[in-house]
Amino acid sequence: MSDCIFCKLANHEIPTNIVFEDDLVAAFEDANPQAPVHVLVVPKAHYENIIDDVPAETLGAMANAVKEVARIKGLDEGFRVITNKGEAAGQTVMHLHWHVLGGKTLGEGLV
Ligand code: 5GP
Ligand code: ZN
């Protein structure tokens, strides 16, 4: 997707603060962090959301990236992973991403 910001960020077409990457995914700092640690795990290929026929290998690579982000950021006390699907859920960037939030005690509620 030539006009997709997360395609460009995940594939180094626009410089960003990459925390971890492999062949399939990149993890970079959110531009508007909601917690002391707020990293986005993003596939390098374009999928709109979590139910956009994402290959199991890519979902596995995303899960591994979460583990690496937690290790690199020292999130030993815990962290939260969120993905929004659709505008009603608050999705604003239509390229699949998982938010990894931590570095403080998070609220008990999910919404
Ligand atoms: P959503 O609301 O779609 O679940 O999350 C989109 C996230 O992307 C937001 O947390 C927002 O701060 C982040 N974001 C939007 N544009 C950019 C950008 O250009 N660079 C980075 N690093 N994050 C962005
Ligand atoms: Zn994209």
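Both ligands and their constituent atoms are indexed starting at 1 by order of listing.
- The single protein non-hydrogen atom nearest to atom 8 (O) of ligand 1 is Phe6 CZ, 3.4 Å, given as residue, atom name and distance.
- Of the inter-residue distances, the one linking Leu101 atom CG with His38 atom NE2 reads 4.5 Å to the nearest 0.5 angstrom.
- Inclusion of Ile5 in the set of residues having an N or O under 3.5 Å from an N or O of ligand 1 is not warranted.
- With hydrophobic clusters built from ILVMFWY side chains whose heavy atoms lie under 4.5 angstrom apart, Leu110 does not share a cluster with Phe79.
- Formation of a donor-acceptor pair under 3.5 Å by the Gln91 side chain with backbone atoms of Gly86 is found in this model.
- In summary, the atoms of ligand 1 found under 4.0 Å from a heavy atom of His99, numbered by their order in the structure, are 1 (P), 4 (O), 5 (O), 7 (C), 10 (O).
- At the shortest separation from atom 5 (O) of ligand 1 among protein heavy atoms lies His97 NE2, 3.0 Å.
- With a heavy-atom cut-off of 4.0 Å, Trp98 does not touch ligand 1 at all.
- Ile72 and Val81 fall within a single hydrophobic cluster, where Ile, Leu, Val, Met, Phe, Trp and Tyr are joined by side-chain heavy atoms under 4.5 Å apart, directly or via other members.
- Taking all heavy atoms of Thr92, Asn49, Leu101, Asn32 into account, the minimum distance to atom 3 (O) of ligand 1 is reached by Thr92.
- Under 4.0 Å from ligand 1, the heavy atoms of Asn84 that appear belong solely to its side chain.
- Distance from atom 15 (C) of ligand 1 to its nearest protein heavy atom, with residue and atom name: Val93 CG2, 4.0 Å.
- To the nearest 0.5 Å, atoms CG (Leu40) and NE2 (His99) are separated by 6.0 Å.
- Within the structure, the closest approach of Gln34 to ligand 1 does not fall below 4.0 Å when heavy atoms are considered.
- Heavy-atom separations between Met94 and ligand 1 are all 4.0 Å or longer.
- Between Thr16 and ligand 1, not a single N/O pair is under 3.5 Å apart.
- With ligand atoms numbered from 1 in the order given, ligand 1 contributes 3 (O) to contacts under 4.0 Å with heavy atoms of Gln91.
- At the top of the distance list for atom 9 (C) of ligand 1, counting protein heavy atoms only, stands Asp30 OD2, 3.3 Å.
- What sits closest to atom 2 (O) of ligand 1 on the protein, heavy atoms only, is Gly90 O, 2.8 Å.
- Criterion: ILVMFWY side-chain heavy atoms under 4.5 Å apart, direct or through other members. Under it, Val42 and Tyr47 are not part of a common hydrophobic cluster.
- For the pair SG of Cys7 and ND1 of His95, the angle at the Zn ion (ligand 2) is about 110°; rounding is to 10 degrees.
- In this structure, the separation between SG on Cys7 and NE2 on His46 is 5.5 Å, given to the nearest 0.5 Å.
- Within the structure, salt bridge (Lys or Arg N to Asp or Glu O under 4.0 Å) pairs that include any residue of residues 19-30 comprise Glu21-Lys44, Glu29-Lys73 (at least two apart or interchain).
- Between Ala31 and ligand 1, an N or O atom pair is found at a separation short of 3.5 Å.
- Under 4.0 Å from ligand 1, the heavy atoms of Leu9 that appear belong solely to its side chain.
- Using a 4.0 Å cut-off to heavy atoms of Phe28, the atoms of ligand 1 that qualify are 22 (N).
- With a 4.0 Å heavy-atom cut-off, ligand 1 is reached by the side chain of Leu40 but not by its N, CA, C or O.
- Counting only residues at least two apart or on different chains, the salt bridge (Lys or Arg N to Asp or Glu O under 4.0 Å) pairs with a member in residues 46-70 are Glu68-Arg71.
- For the atom pair NZ (Lys85) and OG1 (Thr83), the distance works out to 11.0 Å, reported to the nearest 0.5 Å.
- Remark: Asn84 CG to His97 NE2 distance equals 6.0 Å, nearest 0.5 Å.
- No continuous path of hydrophobic side-chain contacts links Phe20 to Leu9 [ILVMFWY only; heavy atoms under 4.5 Å].
- For ligand 1, the polar-atom distance check against Glu29 finds a nitrogen or oxygen pair separated by under 3.5 Å.
- Here the angle centred on the Zn ion (ligand 2), running from SG of Cys4 over to ND1 of His46, is 110°, rounded to 10°.
- For ligand 1, the polar-atom distance check against His38 finds no nitrogen or oxygen pair separated by under 3.5 Å.
- Residue Asn17 holds its CG atom at 10.5 Å from CZ of Phe28, rounded to the nearest 0.5 Å.
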